[in-house]
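Positions are given from 1 along the sequence.
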Amino acid sequence: MPTAIAVTSADLVLPPTDQQTPTAALLHAPDEQPLEAALVDMHVMLERYGYVVAVYPASVPVAHERRLHTLRSMLETDRLALLKLDLPPLGIAVLVRQLRQLSICDFSPGVVASAARLLSHYIYAGALLNSVTKLDRVPVSLKSHAKSWMPGTQFGVLANPNPQLVKITSSGTAPSRPGQGAGHRSRTSNASTSTTISSSSTTTSTSTSASTSTSPSTALSVPDPSARAGLAGPGFATQLLVGRGTLASDWVTGTLAPAWQVSGVHETALPADSPRWWGTAKMIEFAAYLPDISVLYQLVASVRREKCHWCGVELIGDRCGFCSAPLTPPENQSRAAGVLNQGSP
């Protein structure tokens, strides 16, 4: 039985990419549905599916978020996960569709819920804006604020996974900045552990790179295809979803998409909350994502599974998706067990 996925807005439910992907349930706002009816609907959903993963944006009205917590409290259930995401609206819609795809795989509800944090790192969500004067989601310099008042100025902004902001020139390209990584991929690597995805296959692996030293000229020797766009793009195969506001421009599809080497571009209706999130209606929102369900499956399956010490569900990562309890470090687990054993005969 698949885990039920629920959302707080209908425009967060993108069309499925195949016939097997289920839809998502809609959790209405308090002014749209009485509490009694919402309790009945959630009870029926829990009885039918067993577990429900509710995804909602951090920008949702306080009354709507309070309603979600009220439902879980009044039903006295630990089978309702409330996932609050600080992603742009289109990025959340992409993530919700990925969770819908994973919900019919052989993953437990706890793994599906905690996979949201993992998958969000592989969603490149941003927008093309005509002004950043009201943008408070990404750091904006005073110089960029001043340029927003100049007619015809446009900005390419990336909110996730790493905030970036560049000014788009009249030719549709970002101005080059010598010595910065936006135009070139650096070969310098530090001692780090990261999950890598192969763009030519559906396998995932975890690798640790040793620290190496290179000269500045060597670090800037590899041209980056994303240099023309100015925004550093994903280093793995993606597709691009585009939602158009009132801004007339082909920069996203004509410059950004080729620079990021996406395998396909799809358009959808702009989420209703996008203009408020980005601070302007003159914008075009975009999100690059992993489109292949087999890659998503391998990515989630490659992560070690743990058991939540509080509610008992499976999880991946360092926090339970259902009760939000942090994963207890192994040393604490063994130490706690030792204390209990000391008092036993």
Going through the distances and angles, do Trp251 and Leu256 end up as a side chain to side chain contact (heavy atoms under 4.5 Å, CB included)? CA-CA 6 Å; Trp251 179 83; Leu256 183 71; 3.9 Å; yes

Side chain to side chain contact (heavy atoms under 4.5 Å, CB included) between Arg100 and Val7: does it pass, once the steps are laid out? CA-CA 11 Å; Arg100 289 158 53 197; Val7 295; over 6 Å; no

Q: Decide side chain to side chain contact (heavy atoms under 4.5 Å, CB included) for Asp318 and Arg117; before the verdict, give the C-alpha distance in whole Å, the side-chain angles of both, and the deciding distance to 0.1 Å.
A: CA-CA 10 Å; Asp318 59 357; Arg117 295 183 65 193; 2.8 Å; yes

Practice prompt. Could you check Val157 against Met283 for side chain to side chain contact (heavy atoms under 4.5 Å, CB included), going step by step and ending with a plain yes or no?
Written response: CA-CA 10 Å; Val157 184; Met283 46 86 69; over 6 Å; no

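Pairing each heavy atom of Arg67 with each of Ala38, the nearest pair is NH1-CB, 3.6 Å. The heavy-atom pair separating Ala257 from Val265 by the smallest distance is CB-CG2, 3.8 Å. The two residues Cys105 and Ile293 come nearest to each other via the heavy atoms SG-CD1, 4.3 Å. Taking each heavy atom of Trp277 and Leu135 in turn, the nearest pair found is O-CD1, 4.5 Å. Between Asp11 and Ala272, the closest heavy-atom pair is OD2-N, 2.7 Å. Contact between Gly321 and Ala81 at its shortest, heavy atoms only, is O-CB, 3.3 Å.
Exactly one residue among Leu83, Val96, Thr23 makes a side-chain contact (heavy atoms from CB on, under 4.5 Å) with Ile5. That residue is Val96. Test Asp250, Val252, Leu270 against Ile284 for side-chain contact (heavy atoms from CB on, under 4.5 Å) and you get one pass: Val252.
Counting only distance, with no hydrogens or angles, the side chain of Arg319 and the backbone of Ser324 share a donor-acceptor pair below 3.5 Å. A donor-acceptor contact shorter than 3.5 Å is absent between the side chain of Gln98 and the backbone of Ala115. At least one donor-acceptor pair closer than 3.5 Å links the side chain of His64 to the backbone N or O of His28. The main-chain N or O of Pro291 is never found under 3.5 Å from a side-chain atom of Gln239 such that the two would form a donor-acceptor pair. Here the side chain of Ser274 pairs no donor or acceptor atom with the backbone of Pro89 at under 3.5 angstrom.
Between Thr77 and Arg72 there is a side-chain heavy-atom pair separated by less than 4.5 Å. Side-chain atoms of Asp86 and Arg137, non-hydrogen and from C-beta on, do get closer than 4.5 Å to each other. Side-chain contact between Leu35 and Thr70: present, with at least one pair of heavy atoms (C-beta onward) separated by less than 4.5 Å. With contacts defined as side-chain heavy-atom distances shorter than 4.5 Å, the pair Pro109/Val53 does not qualify. For the pair Arg244/Thr253, a side-chain contact is recorded, criterion being any heavy-atom separation below 4.5 Å from C-beta on. Under the 4.5 Å side-chain criterion, counting only non-hydrogen atoms from C-beta, Leu46 is in contact with Val52. When side chains are defined from C-beta on, Thr238 does not count as touching Tyr124, because their heavy atoms never get closer than 4.5 Å. Side-chain contact check for Leu231 versus Trp260: some heavy-atom pair is nearer than 4.5 Å.
No side-chain N or O of Asn160 forms a donor-acceptor pair with one of Ser120 less than 3.5 Å apart. Side-chain contact of Thr17 with Gln101: a donor-acceptor pair under 3.5 Å is present, judged by distance alone. Counted by atom type alone, Asp273 and Ser59 present one or more donor-acceptor pairs between their side chains at under 3.5 Å.
Note on Trp310 and Val112: separate hydrophobic clusters, where clusters join Ile, Leu, Val, Met, Phe, Trp and Tyr whose side-chain heavy atoms are under 4.5 Å apart, directly or indirectly. Two different hydrophobic clusters hold Ile104 and Met45 under the rule that ILVMFWY side chains link at heavy-atom gaps under 4.5 Å. The cluster map of Ile, Leu, Val, Met, Phe, Trp and Tyr, joined by side-chain heavy atoms under 4.5 Å apart, puts Val40 and Leu75 in different clusters.
Residue Tyr56 qualifies as enclosed at atom OH: its count of foreign heavy atoms under 6.0 Å is above 12. Counting non-hydrogen atoms of other residues, nucleotides and ligands closer than 6.0 Å to NE2 of His69 gives a total above 12.
Between the CG atom of Leu95 and the OH atom of Tyr122 there is a distance of 13.5 Å, given to the nearest 0.5 Å. Atom OG in Ser114 sits 9.5 Å away from atom CG in Leu119 (nearest 0.5 Å). The CD1 atom of Ile316 sits 9.0 Å away from atom OG of Ser108, with the distance rounded to the nearest 0.5 Å. Taking CD from Glu306 and SG from Cys320, the interatomic distance works out to 12.0 Å, rounded to the nearest 0.5 Å. We find the CG-CD distance between Asp292 and Gln298 to be 10.0 Å, quoted to the nearest 0.5 Å. Expressed to the nearest 0.5 Å, how far CH2 of Trp278 lies from CG of Asp136 amounts to 11.0 Å.
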